[in-house]
Amino acid sequence: LEKILAADRRLQSRLPPVLLTGETGTGKSSLARWLHRNGPRAAQPLIEVNCSALPESLAESELFGHERGAFTDARTARQGLFEAAHGGTLFLDELPSLSAGLQAKVLTAIEDRKIRRLGGNRAIAVDVRIIAATNRELRAAVAAGEFREDLLQRLDLFRVNLPALRERGGDIVMLAEQLMASLCRQHRLPRRQITEAGRHRLLGYAWPGNVRELAHELERALVFDDAGTLDFAHLSGSTTT
């Protein structure tokens with residue numbers, strides 16, 4: 001991460017894309033926000049979009065905008081997310097969910113730094129730093145014809161793989177304590193201690209939902225359990241796989 005930030009500080013503009021990979025819940029969205037906040041574009045907009053939530057019929061308009069009359073309900077022109085992120089960062093979560101045609105348009109936008117609205121003829125310059133994320137193995141997706149190889153090559157300059165929580169060993173306890181401190185501030189609750197038994201249970205659980213699941217478990221314990229300590233007794237029957 002420090003190498004990415006150092007490169008960003010040297011370049012200042014025309015920042016190369018960043019590719020974040022890892023299982024669902026490993027913190028890719030949080031890392032994208034951290035990279036934006038700590039980079040040279042922190043004062044500019046960060047636009048986030050979950051590509052898997054975009055209906056195919058609306059995805060092009062959402063990303064690239066449309067001109068008036070481009071389709072039946074297009075009564076006015078509308079800018080897309082690339083234009084909205086001009087000068088800042090566009091975070092494309094689950095990018096492989098886009099169709100091959102839209103993947104090609106994203107590639108063109110990255111390489112040419114221009115977009116064309118749906119129904120429009122004019123090329124519009126956009127200065128956008130792309131951060132893309134996926135929980136899929138992209139080489140396998142390329143081999144299956146589900147992801148463009150040229151887009152992968154363009155995105156793969158800065159790749160950060162976030163390990164699954166079960167692979168992080170003792171870091172799980174440290175992360176739990178950091179998350180607990182943040183949640184206690186958020187809910188204005190006193191800080192609690194994790195018991196020794198609780199530490200063992202945190203380390204012994206498989207965490208299929210990764211950091212997101214850990215945060216939810218901690219919040220549930222803090223909000224609904226008024227005990228002075230946390231021991232996560234309900235995790236006692238689960239072990240890593």
Side-chain angles (χ1 to χ4, degrees), residues 4-5 7-8 10-21 28-29 31-37 39-71 74 76-136 138-139 141-142 145-160:
I4 295 175
L5 293 181
D8 287 354
R10 288 196 305 271
L11 296 171
Q12 292 295 316
S13 61
R14 298 185 70 89
L15 301 182
V18 175
L19 177 60
L20 307 179
T21 61
K28 298 185 291 294
S29 296
L31 181 54
R33 296 175 194 129
W34 185 88
L35 287 170
H36 176 77
R37 286 196 307 267
R41 300 190 172 205
Q44 301 303 317
L46 167 63
I47 304 296
E48 303 181 38
V49 57
N50 185 337
C51 296
S52 65
L54 293 177
E56 179 65 26
S57 59
L58 299 177
E60 182 174 2
S61 175
E62 284 292 314
L63 292 173
F64 302 104
H66 62 255
E67 298 292 356
R68 179 182 179 184
F71 48 87
T76 60
R78 179 178 180 274
Q79 71 172 201
L81 298 179
F82 270 86
E83 288 181 77
H86 180 72
T89 302
L90 179 59
F91 175 46
L92 298 172
D93 197 9
E94 297 307 330
L95 178 59
S97 300
L98 296 180
S99 67
L102 285 177
Q103 290 176 26
K105 289 179 180 290
V106 169
L107 175 62
T108 299
I110 294 173
E111 292 187 334
D112 296 346
R113 300 169 65 83
K114 295 177 182 178
I115 59 97
R116 198 182 305 274
R117 289 179 179 174
L118 182 63
N121 298 315
R122 179 172 60 94
I124 301 171
V126 288
D127 176 17
V128 174
R129 201 289 166 72
I130 297 292
I131 302 179
T134 182
N135 60 10
R136 299 185 60 186
L138 290 183
R139 289 292 176 191
V142 168
E146 298 169 349
F147 196 71
R148 293 181 63 97
E149 185 172 14
D150 49 2
L151 179 54
L152 173 58
Q153 292 170 350
R154 190 66 185 84
L155 292 172
D156 210 14
L157 178 60
F158 288 143
R159 181 194 287 232
V160 180

Checklist entry - Between Val49 and Glu62, is any pair of side-chain heavy atoms under 4.5 Å apart? => result no
Checklist entry - Under 4.5 Å between any side-chain heavy atoms of Gln44 and Arg129, yes or no? => result no
Checklist entry - Which residues satisfy the side chain to side chain contact (heavy atoms under 4.5 Å, CB included) test with Arg68, sequence neighbours excluded? => result none
Next on the checklist: If I take atom CD from residue Glu60 and atom CG from residue Leu54, how far apart are they, to the nearest 0.5 angstrom?
Outcome noted: 12.0 Å
Next on the checklist: Any heavy-atom pair between the side chains of Val128 and Ile47 that's under 4.5 Å?
Outcome noted: no
Item to check | Close side-chain approach of Leu46 to Arg41, heavy-atom, < 4.5 Å | outcome: no
Checklist outcome for this item: In this structure, CD of Glu146 is separated from CG of Leu98 (nearest 0.5 Å) by 13.5 Å
Can you give me every donor-acceptor pair (side chain of residues 107-114, partner residue at least two apart or in another chain, under 3.5 Å) with its distance?
| unit_1 | atom_1 | unit_2 | atom_2 | d |
| --- | --- | --- | --- | --- |
| Thr108 | OG1 | Ala104 | O | 3.1 |
| Arg113 | NH2 | Asp127 | OD1 | 2.8 |

Item to check | Any residue meeting ring-ring contact (aromatic ring centres under 6.0 Å, His included) with Phe91, in chain and number order, not counting sequence neighbours | outcome: none
Item to check | Which residues share a side chain to side chain contact (heavy atoms under 4.5 Å, CB included) with Val160, sequence neighbours left out | outcome: Leu1, Ile4, Leu20, Leu31, Leu162
Item to check | Non-hydrogen side-chain atoms of Leu63 and Leu92 separated by less than 4.5 Å | outcome: yes
Checklist entry - What are the two closest non-hydrogen atoms of Glu149 and Val142, and how far apart are they? => result CB-CG1, 3.7 Å
Checklist entry - Between His66 and Thr76, is there a donor-acceptor pair closer than 3.5 Å when you use the side chain of the first and the backbone of the second? => result yes
Item to check | Results of salt bridge (charged side-chain N to carboxylate O under 4.0 Å, His left out) for Arg117 - residues two or more places apart only | outcome: Glu67, Glu83
Checklist entry - Quick one: ring-ring contact (aromatic ring centres under 6.0 Å, His included) partners of His86, sequence neighbours excluded? => result none
Checklist entry - So Phe71 and Ser61, side-chain contact (heavy atoms from CB on, under 4.5 Å) or not? Walk me through it. => result CA-CA 10 Å; Phe71 48 87; Ser61 175; 4.2 Å; yes
Checklist outcome for this item: Heavy atoms of Arg148 and Asp150 approach each other most closely as NH2-OD2, 2.8 Å
Item to check | Partners passing side chain to side chain contact (heavy atoms under 4.5 Å, CB included) against Ala7 (at least two apart in sequence or in another chain) | outcome: Arg10, Phe158
Next on the checklist: Applying side chain to side chain contact (heavy atoms under 4.5 Å, CB included), can you list everything that pairs with Leu157, at least two apart in sequence or on another chain?
Outcome noted: Pro16
Next on the checklist: Arg37: which residues meet the salt bridge (charged side-chain N to carboxylate O under 4.0 Å, His left out) condition with it, sequence neighbours left out?
Outcome noted: none
Item to check | Qualifying side-chain hydrogen bond (donor to acceptor under 3.5 Å, both in side chains) pairs, either residue in residues 45-55, two or more places apart | outcome: Arg33-Glu48, Asn50-Ser52
Item to check | Sequence-distant partners of Phe147, ring-ring contact (aromatic ring centres under 6.0 Å, His included), two or more places apart | outcome: none
Checklist entry - Side chains of Leu95 and Leu155: does their closest heavy-atom pair fall under 4.5 Å? => result yes
Checklist entry - Are Phe82 and Leu90 close enough that some pair of their side-chain heavy atoms sits under 4.5 Å apart? => result yes
Item to check | Heavy-atom pair with the smallest gap, counting every atom of Ala133 and Pro96 | outcome: O-CD, 4.2 Å
Checklist entry - Does the side-chain contact (heavy atoms from CB on, under 4.5 Å) test come out yes or no for Leu152 and Arg159, once each step is laid out? => result CA-CA 11 Å; Leu152 173 58; Arg159 181 194 287 232; 3.9 Å; yes
Checklist entry - How about Arg139 and Asp156: do any of their side-chain heavy atoms sit closer than 4.5 Å? => result yes
Checklist entry - Under the side-chain hydrogen bond (donor to acceptor under 3.5 Å, both in side chains) rule, what pairs show up with a residue in residues 87-100, not counting sequence neighbours? => result His36-Thr89, Glu56-Ser99
